[in-house]
Amino acid sequence: MRLYLTGISGFVGSRLAEAWADHHELAGCSRQRPDWLEAEHHVLDLAEEPRHVADRLEAFRPDWVVHCAAVSQPALVGRDPAQARRVNVEAAHWVADWCRRRGRGLIAFSSDTVYPDAALTPAPATGWSERAELDPAHLYGRSKVEMEEAVRTLLPEALLLRCSLLWGRSRPGQNSFSGWLLAHWREGKPAPVFRDNRRHLLAAGALPAMIDGLRAVMEAGGGPRGALNLGGADYLSREDFALLFCRHLGLDEGLLRPLDTAEAGLAEAPARELPLDLGRLRRWLGEPPTTDEWLARDYGPPHPISTGGA
């Protein structure tokens with residue numbers, strides 16, 4: 001199987017590349033080649049040249065494209081919306097267009113932030129389903145709505161993963177919530193964590209097997225198409241997760257600084273409640289992964305340490 005990963009050096013792309021390198025013919029693109037990567041790599045800055053991603057795909061001719069590349073931090077999207085749109089929307093358009101012309105499969109990462117804030121617009125008891133009306137709280141979520149529309153227009157059979165907040169073992173500079181927490185503990189810095197920002201936090205380490213499972217049922221002629229909610233079994237605030245994380249690793253809970261989103265003074269404030277209906281995910285993959293399971297798999301069994309692993 002020939003697989004192509006956009007954003008291969010990022011948090012999601014690197015976890016997928018690590019898991020798939022020995023099992024698939026793999027290639028990907030990012031702004032710089034990571035020194036750990038053994039797969040074929042194409043240097044490409046999607047913020048400057050989004051349409052050229054099609055040239056890289058044509059050179060490698062993958063069977064499937066997994067589109068991970070994104071400007072995913074709301075503050076960065078708010079700072080330069082035009083640049084973020086080139087990465088989050090225009091690049092996805094060119095990827096979908098190439099997959100349509102060549103008859104190849106596409107799995108693209110969207111976000112649970114496309115949904116309304118359930119603290120303001122009450123969600124059903126089961127959470128937001130994929131059929132819910134979209135109403136993002138900030139520009140990042142709106143860019144993902146636009147991305148979905150661009151892909152769906154060109155390639156209705158593409159799979160759009162409305163993924164919750166990801167955490168897990170990461171490399172320096174990658175956007176991992178647990179990695180961010182560890183950096184604060186290593187430096188002895190207080191870690192502000194929201195007590196009123198709840199989501200179905202998902203371990204990035206679980207993604208390779210989940211995507212393999214979804215791709216397999218799609219190749220068999222069934223499986224999901226269009227939007228699919230992707231999240232972990234546990235509905236947690238960032239404070240909830242941070243407490244579980246530091247107790248698992250024996251870290252000092254005294255460095256946590258719980259606060260409400262309204263206290264942070266953010267220009268792009270996150271939604272406070274994003275409950276997901278994971279019924280369709282369970283239909284295809286069974287029960288989603290738990291936080292306890294992946295804390296042990298990514299960081300080892302519970303043990304008292306002072307800084308933890310990367």
Side-chain angles (χ1 to χ4, degrees), residues 1-72 83 85-110 144 147-148 150-161 163 171 173-174 204-205 207-221 223-225 228 230:
M1 181 69 64
R2 292 173 67 83
L3 302 179
Y4 196 93
L5 295 168
T6 67
I8 196 170
S9 66
F11 180 42
V12 173
S14 65
R15 291 304 296 257
L16 297 176
E18 289 169 5
W20 289 341
D22 294 333
H23 308 289
H24 301 292
E25 294 181 68
L26 191 66
C29 64
S30 59
R31 284 182 296 177
Q32 295 180 329
R33 179 183 176 87
D35 55 14
W36 52 266
L37 183 65
E38 298 182 2
E40 180 176 335
H41 180 266
H42 303 146
V43 175
L44 180 63
D45 185 350
L46 292 176
E48 300 297 330
E49 303 173 311
R51 68 181 302 160
H52 291 314
V53 67
D55 300 331
R56 309 307 194 269
L57 294 172
E58 186 66 20
F60 185 69
R61 294 287 187 97
D63 301 302
W64 284 81
V65 180
V66 182
H67 182 50
C68 312
V71 178
S72 59
Q83 181 186 69
R85 190 181 186 281
R86 288 194 291 274
V87 178
N88 292 358
V89 181
E90 293 179 27
H93 164 90
W94 292 109
V95 169
D97 181 65
W98 184 87
C99 290
R100 176 188 59 82
R101 288 187 287 107
R102 292 299 184 187
R104 307 305 164 90
L106 172 60
I107 297 174
F109 274 83
S110 183
K144 286 298 186 180
M147 181 278 285
E148 289 191 13
V151 171
R152 192 180 291 112
T153 297
L154 288 164
L155 197 67
E157 63 269 29
L159 182 60
L160 302 165
L161 300 176
C163 191
R171 299 174 185 275
Q174 293 181 343
L207 288 173
M210 296 176 86
I211 293 176
D212 275 340
L214 293 167
R215 182 174 49 79
V217 293
M218 292 172 72
E219 288 176 344
R225 299 290 193 277
L228 180 70
L230 196 68

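- Here the closest heavy-atom approach between residue L57 and residue V95 is recorded as CD1-CA, 4.2 Å.
- Contact annotation: the side chain of R15 never approaches that of W20 to less than 4.5 Å [non-hydrogen atoms, C-beta and beyond].
- Between M218 and P224, some side-chain heavy-atom pair lies under the 4.5 Å cut-off.
- Judged as a salt bridge (Lys or Arg N to Asp or Glu O under 4.0 Å), not a single pair has a partner in residues 32-46 (not counting sequence neighbours).
- Checking each of V66, L207, L228 against L161 for a side chain to side chain contact (heavy atoms under 4.5 Å, CB included) leaves exactly one that passes, namely L228.
- Shortest non-hydrogen contact noted between C29 and V53 is SG-CG2, 4.5 Å.
- Under the 3.5 Å distance criterion, the side-chain polar atoms of K144 are matched with a main-chain donor or acceptor of F109.
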### Task
Could you walk me through whether L16 and C68 pass side chain to side chain contact (heavy atoms under 4.5 Å, CB included), step by step?
CA-CA 10 Å; L16 297 176; C68 312; 3.8 Å; yes
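- Listed by first and then second residue, the salt bridge (Lys or Arg N to Asp or Glu O under 4.0 Å) pairs that reach into residues 94-105 are E58-R102, D97-R100, D97-R101, sequence neighbours excluded.
- Looking only at side-chain heavy atoms (C-beta outward), R31 and V43 stay at 4.5 Å or farther from each other.
- Between I8 and S14 there is no side-chain heavy-atom pair separated by less than 4.5 Å.
- Looking only at side-chain heavy atoms (C-beta outward), W94 and C99 stay at 4.5 Å or farther from each other.
- The cationic atom of R2 (NZ for Lys, CZ for Arg) lies less than 6.0 Å from the six-membered ring centre of F60 and within 45° of the ring axis.
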### Query
Is there a side chain to side chain contact (heavy atoms under 4.5 Å, CB included) between L159 and L106 once you walk through the steps?
CA-CA 6 Å; L159 182 60; L106 172 60; over 6 Å; no
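- Judged as a side chain to side chain contact (heavy atoms under 4.5 Å, CB included), and not counting sequence neighbours, the contacts of H52 are L44, E49, D55, R56.
- Under the side chain to side chain contact (heavy atoms under 4.5 Å, CB included) criterion, P34 pairs with S9, S30, W36, L37, H41, not counting sequence neighbours.
- Partners of R215 under the side chain to side chain contact (heavy atoms under 4.5 Å, CB included) rule, at least two apart in sequence or in another chain, are M1, L3, H24, W64, I107, D212, E219.
- Of the charged side-chain nitrogens involved, at least one lies within less than 4.0 Å of a carboxylate oxygen, so that R171 and E18 count as a salt-bridged pair.
- Y4 contributes atom OH, which lies 14.5 Å from atom CD of E25 (distance to the nearest 0.5 angstrom).
- Within the structure, the salt bridge (Lys or Arg N to Asp or Glu O under 4.0 Å) test picks out no pair touching residues 63-72 (sequence neighbours left out).
- Between E90 and R85 there is a salt bridge, with a side-chain nitrogen of the basic residue lying less than 4.0 Å from a carboxylate oxygen of the acidic one.
- The two atoms that bring V151 and A158 nearest to each other are CG1-CB, 3.7 Å, heavy atoms only.
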### Query
Could you go step by step and tell me if W98 and L154 meet the side chain to side chain contact (heavy atoms under 4.5 Å, CB included) rule?
CA-CA 10 Å; W98 184 87; L154 288 164; over 6 Å; no
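- Taking every heavy atom of both residues into account, H93 and A150 meet most closely at CB-CB, 4.5 Å.
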### Task
Under the side chain to side chain contact (heavy atoms under 4.5 Å, CB included) rule, what do L160 and M147 come out as? Steps first, then yes or no, please.
CA-CA 9 Å; L160 302 165; M147 181 278 285; 4.2 Å; yes
